[in-house]
Amino acid sequence: MAGCSQRCRQGIFKFLQCLHRFVSGTLSKDKVDDELEMTMVCHRPEGLEQLEAQTNFTKRELQVLYRGFKNECPSGVVNEETFKHIYAQFFPHGDASNYAHYLFNAFDSAHNGSIKFEDFVMGLSILLRGSVREKLQWTFNLYDINRDGYINKEEMIEIVRAIYDMMGKYTYPALKGDVPKQHVDAFFQKMDKNKDGVVTLEEFILACQEDENMMRSLQLFENVI
Amino acid sequence: MAAGVAAWLPFARAAAIGWMPVANCPMPVAPRDHSKQQDELIVLNVSGRRFQTWRTTLDRYPDTLLGSSEKEFFYNEESKEYFFDRDPDAFRSILNFYRTGKLHYPRHECISAYDEELAFFGIIPEIIGDCCYEEYKDRKRENAERLMDDQEDNKDSKLPNMNFRETMWRAFENPHTSTMALVFYYVTGFFIAISVITNVVETVPCGSTPNQKDVPCGERYTVAFFCMDTACVMIFTVEYLMRLFAAPSRYRFMRSVMSIIDVVAILPYYIGLVMTNNEDVSGAFVTLRVFRVFRIFKFSRHSQGLRILGYTLKSCASELGFLLFSLTMAIIIFATVMFYAEKGSSSSKFTSIPASFWYTIVTMTTLGYGDMVPKTIAGKIFGSICSLSGVLVIALPVPVIVSNFSRIYHQNQRADKRRAQKVQKARLARIRVAKTGTSSAFLHCKRNGLFDELRELPGSEEGEQQLSKTTTLLESQHHHLLHCLEKTTAHEFIDEQLYEQNCLEGALQSYPSRSPSLSSQEGPTGTCCTRRARKTPLPDASLSSACQRGLQELSAVHIQCSDQPPLSTRSAVVSEIDT
């Protein structure tokens, strides 16, 4: 019965709409939207030799990376929307947009809202071929959302919440209570040596170097390219 | 996984380093890329025309022929190329699909040839990009209709297993199916005609008695007309009841336009039967007789043209509305002007603005009855302007309606609009299913993942061959990434049914925080790893026995690793991984 009354209401509403359109005499709407003219930004990266000198990749690897990059972004730059879309393809269960946002800011060293191929390749070079200190520094920059040199609890909670968002709803055990907050509390206990409520770069690097698991995990992704 | 983003997988995996400090558990081992050859050019020889592309381009879509190992069947050893004996022109668009991620439908190509090519190369047509999809679907529908027309002539035999009700409904909807249906069709048509003619002739004055004026035939031969009317209404009632009985969905039938017309056609008779004694409402009764003319609309079941006309009018409702609206505006304007212009003249028929409406309508439609004529000069001027503008205003929307009618008549004669919507929904559902294949693939692999971990020891050749047999390298890397995320957050992905099940179970009992069999030394690592020791509900029964062993082994090793120093190779490596 509920469905019937719902349909009746919808029918009446549609009839009134029709009547309104009939009386006011609007023609059927044009379906074509006016496309915003795409700004034809085209960016070409510096030469292969320069990039090879600046990063720890070989020419071959740079070629492979650029082909993939250019295929997905023919204009040569990635904007945040495309970045979020690409990253979301890898995590179909949950919502990867928040974490992708922070990641985008970490890669976008010039903070102009778009990632060029050089930024992309520099970031990857640090992550895959950099020293332990460089990797940890990159990670610190990722967590330090407002770039003030300190990680406080709110920033950490945001990051961890973004990571948990990527898991989606159907997890085991089910996400009950404020799991990100508990996670952050554990993290701060480990990282914040002088208990002043913020984590500086040095504290961070020291604490990570003490953690053997993490050191091993950092080596895990070396053969990614 | 979608296409070009396969190139971004290394980036996503590198970015996973950002999770490491947050994670409490150790990360799983990454799948090794043993087939690590340099990216090479593949030559595809399609009936003599050579196409070349990178191997990784083809690997983007592992569920198609060119992306999977199926293409090895076509490998030609002598010339070191893959030879396909297919149409090279159609192959161009297929190869472009790998390159750009978008499948286009070339308009000059025959639809069935293109479909065959797509089927051969294992590409589902739903992936065709939006730019070409409408064209593709239209051509496909045309083709299907053409084939269906050829088949309809052969389809005279009744479908088996149709009960009496379905047969009757089919007979009603399609009179050509059986002779009975045809007879019924013609009989009802005949009676509709009789009924309409009766209504018309009823009012004709026929003959007169000497002392009275002409009486209409209806009043002269009351009994005859009454009998005729009764017979028609009985036939119509029986027909309506039979249709109601045979309709597959009675409620839907009752709501349809044709059934409403049927009811309106026969109702006045019954109301008349009930109301004959009361003289006061006889005026209303006379009005009701007007509704008998609706019987003529019953002809629309017999005529396709009428149906198309009705459909056109319905679809042109907005143009008709515009026509009416603009006419109304013009009428009001001109009526006002004429009224005030003619106010001065004596014995003017333009007594009020609504009275002038009649003049305006008659003038604008260029009828010009002449019963109301302006007399003042100003009135005549405005009157002429009125008639000129009338021609314009009416002439504008009419061609739109006409072209609509012709378009609908030619194209949508057979098309059912509702069927098109269902097809669109089905198409989106199919694409969604193909895309979400990855998430279920990961969950499926997770259940196998237990023994993959045990086998993924560095240097163990058979383990890795096993791995590459079930999943491609890309997929295994993607699964590794998802696995790392699980370890970071210390929660696992499960699918919806298991989640619902667990919610229900959780409501009934409380979970122990960790397995009692484990030592209490394990700190944060303990919580995430104890789950392995707990029984996870496994819907796949065939895996259960092997899985249970795997579970027990892992938990057994876990117990041991906290006490024993690392000695034997296997447990040593596993404990190294897990601590």
Side-chain angles (χ1 to χ4, degrees), chain A residues 18 21-28 60 64-65 67-69 71-72 86-87 89-93 102-103 106 120 123-124 127-128 135-136 138-139 142-143 159-160 163-164 166-175 179 183 186-187 191 204 208 211 213-214 216-218 220-221 223-225, chain B residues 1-2 4-5 7-27 29-30 32-33 38-39 54 56 317-322 324-326 435-436 438-439 478 481-482 485-486 488-496 498-499 502-503 506 511 524-525 531 536:
Chain A
C18 253
R21 237 182 294 139
F22 196 77
V23 163
S24 65
T26 44
L27 295 168
S28 37
R60 243 354 180 140
V64 169
L65 279 172
R67 283 207 295 266
F69 185 84
N71 200 55
E72 201 57 31
I86 292 173
Y87 204 71
Q89 307 263 21
F90 295 110
F91 302 99
H93 305 271
Y102 297 128
L103 213 53
F120 177 68
L124 274 187
L127 284 173
L128 298 174
K135 287 184 192 172
L136 290 174
W138 189 91
T139 316
L142 173 68
Y143 294 160
I159 297 269
V160 172
I163 295 180
Y164 271 89
M166 286 199 283
M167 288 292 294
K169 195 170 125 191
Y170 302 117
T171 59
Y172 175 81
L175 289 162
V179 179
H183 207 131
F187 174 82
M191 297 279 163
F204 183 74
C208 287
D211 188 347
N213 275 340
M214 198 182 311
R216 203 168 306 125
S217 312
L218 284 179
L220 206 56
F221 294 100
N223 61 342
V224 156
I225 299 273
Chain B
M1 188 160 46
V5 293
W8 288 71
L9 186 58
F11 156 76
R13 300 181 69 215
I17 288 185
W19 305 335
M20 300 300 128
V22 176
N24 297 323
C25 303
M27 292 293 136
V29 177
R32 290 293 206 81
D33 184 4
Q38 300 288 13
D39 200 9
W54 298 108
T56 47
S318 48
E319 277 88 18
L320 278 176
F322 173 64
L324 238 54
F325 177 65
S326 54
K435 275 202 181 137
T436 57
T438 42
S439 48
H478 187 209
L481 185 63
L482 291 173
L485 181 60
E486 283 186 335
T488 308
T489 55
H491 286 75
E492 283 179 9
F493 290 111
I494 51 174
D495 52 351
E496 206 171 324
L498 280 178
Y499 179 73
N502 292 344
C503 279
Y511 285 114
T525 48
R531 273 176 289 107
T536 50

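Chain naming here is simple, since letters A, B, ... match the order of the sequence lines and numbering starts at 1 in each.
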* Structure fact -> In this structure, CD of E486(B) is separated from NE2 of H93(A) (nearest 0.5 Å) by 8.0 Å

* Asked: What residue in L136(A), L142(A), I159(A), I163(A) has the most heavy-atom pairs under 4.5 Å with chain B?
  -> I163(A)

* **Top contributor to chain A interface from P21(B), A15(B), A16(B) [non-hydrogen pairs under 4.5 Å]** => P21(B)

* So how far is it from T488(B) OG1 to H183(A) NE2, rounded to the nearest 0.5 Å? -> 7.5 Å

* Structure fact -> When the 4.5 angstrom heavy-atom criterion is applied to M214(A) and chain B, the contacting part is side chain

* To do: Could you label the plane-to-plane angle of the F90(A) and H478(B) rings as parallel, tilted or perpendicular, counting under 30° as parallel and over 60° as perpendicular?
  => perpendicular

* May I ask you to test the L485(B)-M166(A) pair for a side-chain heavy-atom distance under 4.5 Å? => yes

* Structure fact -> Pair count under 4.5 Å, heavy atoms only, with chain B: among W138(A), F91(A), Y143(A), highest is Y143(A)

* Supply the atom-to-atom distance R13(B) CZ to L127(A) CG, rounded to the nearest 0.5 angstrom. => 12.5 Å

* Flag the pair F493(B) / Y170(A) as yes when their ring centroid distance falls below 6.0 Å, and as no otherwise. => no

* **Distance in Å, F11(B) CZ paired with I86(A) CD1, rounded so as to fall on 0.5 Å steps** => 8.0 Å

* Which atoms of F204(A) approach chain B - backbone, side chain, both or neither, heavy atom under 4.5 Å -> side chain

* I17(B) side, atom CD1; K135(A) side, atom NZ - distance, nearest 0.5 Å -> 5.0 Å

